[in-house]
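Structure first, then comments.
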Amino acid sequence: MRCPFCAHGDSKVVDSRPTEDGNAIRRRRECISCEKRFTTYEKIEIIPVMVIKKDGRREVFNRDKIMRGVITACEKRPVPMEAIEALVCQVENEFQNSLEKEISSEKIGERVMNSLKTLDEVAYVRFASVYRQFKDINTFIAEVNKLLTDKD
């Protein structure tokens, strides 16, 4: 770390502590050459995951969109908010920790549906009806039948 006063390339760390939000480390440093002190911050560099939409557009992954969709699907269902939050966090962490930096919206939707299937079947069907854009009642019935067959 270069000294901002004399541009010397070596310094020693005098004190380290986390910032108030816990997302960075604040370090007090002292220049080996001029002995002046300065502060640096160290934080994790997060490379955003890009979502490839069905029409080919790309946008930054947004957990709030998943959260809204799952909350809507679970509306008036006996699903605690903690379970919804856990599902969304699990999906987000899976994609943030993957080596892929571009993920299709289809892959995200399928992952959410698989998690909803085990959480609440009615919420799963609701989410699937919007996500898969059911055109008519036959498509809806086919999805419910598939759910019933998978249970057996």
Side-chain angles (χ1 to χ4, degrees), residues 1-4 9-29 38-152:
M1 182 66 56
R2 288 203 177 277
C3 173
D10 202 11
S11 64
K12 65 180 179 182
V13 175
V14 178
D15 181 43
S16 289
R17 63 181 68 172
T19 57
E20 284 184 23
D21 62 4
N23 291 328
I25 301 289
R26 178 183 181 272
R27 300 196 193 282
R28 285 294 292 161
R29 295 179 176 273
F38 57 98
T39 302
T40 60
Y41 291 89
E42 177 182 328
K43 68 178 199 169
I44 296 173
E45 182 179 15
I46 298 174
I47 300 168
V49 174
M50 299 302 288
V51 177
I52 304 169
K53 307 296 276 181
K54 290 178 184 175
D55 64 2
R57 288 181 299 117
R58 285 171 167 66
E59 63 182 49
V60 176
F61 180 87
N62 185 347
R63 85 183 300 275
D64 293 336
K65 285 186 173 186
I66 296 172
M67 180 66 88
R68 281 193 306 270
V70 173
I71 287 173
T72 302
C74 293
E75 193 172 317
K76 297 182 183 177
R77 297 294 306 152
V79 179
M81 197 61 198
E82 294 81 26
I84 293 171
E85 180 67 33
L87 182 150
V88 173
C89 283
Q90 186 178 13
V91 170
E92 179 184 27
N93 288 339
E94 180 180 319
F95 291 120
Q96 292 288 352
N97 294 333
S98 74
L99 297 177
E100 297 176 68
K101 293 304 164 195
E102 290 189 336
I103 300 166
S104 69
S105 59
E106 289 87 8
K107 194 172 186 177
I108 295 169
E110 291 296 326
R111 176 63 180 85
V112 171
M113 283 193 304
N114 287 336
S115 295
L116 273 174
K117 192 183 290 188
T118 59
L119 185 64
D120 186 275
E121 292 173 343
V122 173
Y124 162 76
V125 172
R126 286 177 175 172
F127 189 89
S129 70
V130 172
Y131 177 72
R132 291 198 176 138
Q133 300 173 343
F134 291 170
K135 303 283 189 258
D136 55 24
I137 192 72
N138 293 327
T139 315
F140 182 81
I141 291 170
E143 189 66 35
V144 171
N145 286 336
K146 187 173 133 190
L147 183 64
L148 292 171
T149 318
D150 288 349
K151 270 182 102 171
D152 296 333

Take Phe127 and Val112 through the side chain to side chain contact (heavy atoms under 4.5 Å, CB included) test and state the conclusion after the steps. CA-CA 9 Å; Phe127 189 89; Val112 171; 3.5 Å; yes
If you count the non-hydrogen atoms of other residues, nucleotides and ligands that lie under 6.0 Å from NZ in Lys76, is the total more than 12?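 For Lys76, atom NZ is not crowded (no more than 12 foreign heavy atoms under 6.0 Å).
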Do other residues, nucleotides or ligands put more than 12 heavy atoms under 6.0 Å from Glu20 CD?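 It does not: Glu20 CD has 12 such atoms or fewer within range.
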If you define the side chain from C-beta out and look only at heavy atoms, does anything of [X] sit under 4.5 Å from [Y]?
X	Y	result
Ile25	Arg17	no
Glu59	Lys65	yes
Thr19	Tyr41	yes

Check the pair Phe95 / Val51 against side chain to side chain contact (heavy atoms under 4.5 Å, CB included), numbers first and verdict last. CA-CA 10 Å; Phe95 291 120; Val51 177; over 6 Å; no
With a 4.0 Å cut-off on N to O distance, would you call Asp55 and Arg57 a salt bridge? yes
Does a side-chain N-to-carboxylate-O contact under 4.0 Å join Arg126 and Glu75? no
Can you measure from [atom1] ([X]) to [atom2] ([Y]) and round to the nearest 0.5 angstrom?
X	Y	atom1	atom2	answer
Phe61	Ser105	CZ	OG	11.5 Å
Thr118	Met113	OG1	CE	13.0 Å
Arg2	Ser11	CZ	OG	11.0 Å

Thr40 and side chain to side chain donor-acceptor pair (under 3.5 Å): which single residue from Arg29, Arg27, Arg28 fits? Arg29
Distance alone, cut at 3.5 Å: any donor-acceptor contact between the side chains of Arg111 and Ser115?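 Short answer, yes.
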Sequence neighbours excluded, which residues qualify as side-chain hydrogen bond (donor to acceptor under 3.5 Å, both in side chains) partners of Arg26?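 Once residues adjacent in sequence are excluded, Arg26 has no partner under the side-chain hydrogen bond (donor to acceptor under 3.5 Å, both in side chains) criterion.
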Evaluate side chain to side chain contact (heavy atoms under 4.5 Å, CB included) for Asn23 paired with Lys43, printing each intermediate quantity in order. CA-CA 6 Å; Asn23 291 328; Lys43 68 178 199 169; 5.9 Å; no
Review item, side-chain donor-acceptor pairs of residues 79-90, under 3.5 Å, at least two apart:
unit_1, atom_1, unit_2, atom_2, d
Glu85, OE2, Arg63, NH2, 3.0

Among Lys107, Lys53, Arg58, whose salt bridge (Lys or Arg N to Asp or Glu O under 4.0 Å) with Glu102 holds? Arg58
